[in-house]
2 protein chains.
Amino acid sequence: MEDIDYIKENRLEDTGFSYTLNLIGGKYKMQALYAISLNHSPLRYNAMKRLLSPISFKSLTNTLKDLEHSGLIYRKEYPQIPPKVEYGLTDLGKSLIPVLDTICTWGEKQMK
Amino acid sequence: MEDIDYIKENRLEDTGFSYTLNLIGGKYKMQALYAISLNHSPLRYNAMKRLLSPISFKSLTNTLKDLEHSGLIYRKEYPQIPPKVEYGLTDLGKSLIPVLDTICTWGEKQMK
DNA sequence: TGTGATACTAACCCAAAGGAGAGTGTAATG
DNA sequence: CATTACACTCTCCTTTGGGTTAGTATCACA
């Protein structure tokens with residue numbers, strides 16, 4: 001009984017659930033990924049900012065950094081002036097899109 | 001161009017995406033739903049607390065209230081002493097389980 | 001007799017998330 | 001000659017989420 005409770009307690013924290021949410025939980029992470037996906041090609045910083053409006057510089061930068069560190073997006077810098085930076089989905093990031101789709105689809109069904 | 005940008009800006013906020021996340025975004029909401037689902041029957045308050053440990057009373061209460069107001073779970077009170085209250089999935093809540101499954105499954109795949 | 005189980009609520013506090021606004025350097029555009 | 005665009009960074013401020021602790025009423029059990 002004690003044992004079972006103990007195991008159960010730790011169960012939920014160890015599901016793929018928390019793992020996934022650690023990567024894409026947060027206010028804008030899923031939206032950022034989805035925005036790139038909908039665009040069918042990499043997005044530049046300011047384009048992202050407009051799409052995720054009313055996101056702030058700070059949040060956008062943090063969001064992109066987190067997603068990059070998680071390996072879900074890549075950052076490509078072009079040595080130009082004025083600067084140009086593109087953010088695109090990695091293979092890992094692409095593998096998440098079906099998941100995001102189910103979230104989006106469920107919501108759309110309920111909205112009407 | 002202006003028009004397109006304007007439309008695109010508002011797009012992401014109006015997707016089913018944000019709708020869904022407003023309902024199940026947050027630290028424990030998905031876990032709470034998933035816990036009930038895994039249990040295959042309604043859960044009592046303290047049982048939930050143990051499963052979602054280390055959740056606090058306050059967070060659990062808020063989580064349950066929000067989910068109830070969203071129509072994803074129901075609350076059934078038995079007029080007993082000591083009190084007994086059960087929380088179960090509504091049909092709407094059940095319809096979300098497949099979505100939660102995809103999130104969980106993706107995470108499990110990546111964890112190994 | 002007193003301890004624990006039940007399902008909470010209320011008051012207070014803290015840390016982290018997020019927003020606002022200014023600044024950077026260069027180059028094309030009006 | 002001034003403005004705009006680009007991709008940010010930095011500092012300060014506010015908001016929010018969540019934790020901690022204490023307390024409630026009643027009954028069963030040791």
Side-chain angles (χ1 to χ4, degrees), chain A residues 1-2 4-5 8-9 12-13 18 21-32 35-36 39 41-70 73-88, chain B residues 1-2 4-5 8-9 12-13 18 21-32 35-36 39 41-70 73-88:
Chain A
M1 175 72 170
E2 279 286 337
I4 295 171
D5 278 357
K8 277 191 182 173
E9 273 178 27
L12 275 170
E13 294 222 299
S18 309
L21 292 184
N22 282 338
L23 298 188
I24 59 169
K27 199 167 177 183
Y28 295 109
K29 287 192 189 137
M30 303 198 208
Q31 279 91 337
I36 302 176
N39 196 55
S41 64
L43 277 169
R44 298 179 65 175
Y45 185 87
N46 279 333
M48 287 274 280
K49 186 166 187 316
R50 280 187 287 268
L51 288 170
L52 300 186
S53 176
I55 197 175
S56 64
F57 289 121
K58 184 181 167 184
S59 294
L60 179 56
T61 300
N62 285 344
T63 298
L64 294 172
K65 270 183 189 158
D66 288 349
L67 291 175
E68 194 193 354
H69 288 151
S70 303
I73 65 173
Y74 64 85
R75 191 189 113 103
K76 180 159 191 200
E77 200 174 335
Y78 295 85
Q80 302 180 352
I81 286 170
K84 175 179 174 183
V85 180
E86 280 182 352
Y87 296 90
Chain B
M1 174 75 168
E2 279 286 338
I4 294 172
D5 277 358
K8 277 191 181 173
E9 275 179 24
L12 275 169
E13 295 223 299
S18 309
L21 292 184
N22 281 339
L23 298 188
I24 60 168
K27 196 168 180 183
Y28 296 109
K29 287 193 190 135
M30 303 197 209
Q31 279 92 335
I36 302 176
N39 196 55
S41 64
L43 278 169
R44 299 179 65 176
Y45 186 87
N46 279 335
M48 289 273 281
K49 185 164 187 318
R50 280 187 288 267
L51 288 170
L52 300 187
S53 177
I55 196 174
S56 64
F57 289 121
K58 184 180 166 184
S59 294
L60 179 56
T61 300
N62 285 344
T63 298
L64 293 172
K65 268 183 189 156
D66 288 349
L67 292 174
E68 194 192 354
H69 288 152
S70 303
I73 63 174
Y74 64 85
R75 191 188 113 104
K76 180 159 191 201
E77 200 175 335
Y78 295 85
Q80 303 179 350
I81 285 170
K84 175 178 174 183
V85 181
E86 281 182 351
Y87 296 90

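Quantities reported herein were computed from a predicted structural model and do not represent experimental measurements. All heavy atoms count here, side chains included; hydrogens, waters and symmetry mates do not. Numbers restart at 1 for each chain; the letters A, B, ... are given by sequence-line order, proteins then strands.
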Checking side chain to side chain contact (heavy atoms under 4.5 Å, CB included) for the pair Y28(B)/N62(B): CA distance, chi angles, key distance, verdict? CA-CA 10 Å; Y28(B) 296 109; N62(B) 285 344; over 6 Å; no

Derivation and outcome, side chain to side chain contact (heavy atoms under 4.5 Å, CB included), residues S41(A) and E86(A): CA-CA 9 Å; S41(A) 64; E86(A) 280 182 352; over 6 Å; no

Dump the intermediate steps for side chain to side chain contact (heavy atoms under 4.5 Å, CB included) on M48(B) and L64(B), then the final yes or no. CA-CA 10 Å; M48(B) 289 273 281; L64(B) 293 172; 3.4 Å; yes

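Of the possible polar contacts, none joining the K29(A) side chain to the T63(A) backbone as a donor-acceptor pair under 3.5 Å is found. The main-chain N or O of A35(B) is never found under 3.5 Å from a side-chain atom of N39(B) such that the two would form a donor-acceptor pair.
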Report, as a single string ordered 5' to 3', how protein heavy atoms within less than 4.0 Å touch nucleotides 4-18 of chain D: B base, S sugar-phosphate only, - not at all. --BSBB--B-----B

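Pairing each heavy atom of K49(B) with each of S56(B), the nearest pair is CE-C, 4.3 Å.
Note on ring orientation: taking the six-membered ring where Trp is involved, the planes of Y45(A) and Y87(A) are tilted (angle from 30° to 60°).
Nucleotides of DNA chain C that come within less than 4.0 Å of any heavy atom of chain B span, from the 5' end to the 3' end, dT6(C) to dC12(C).
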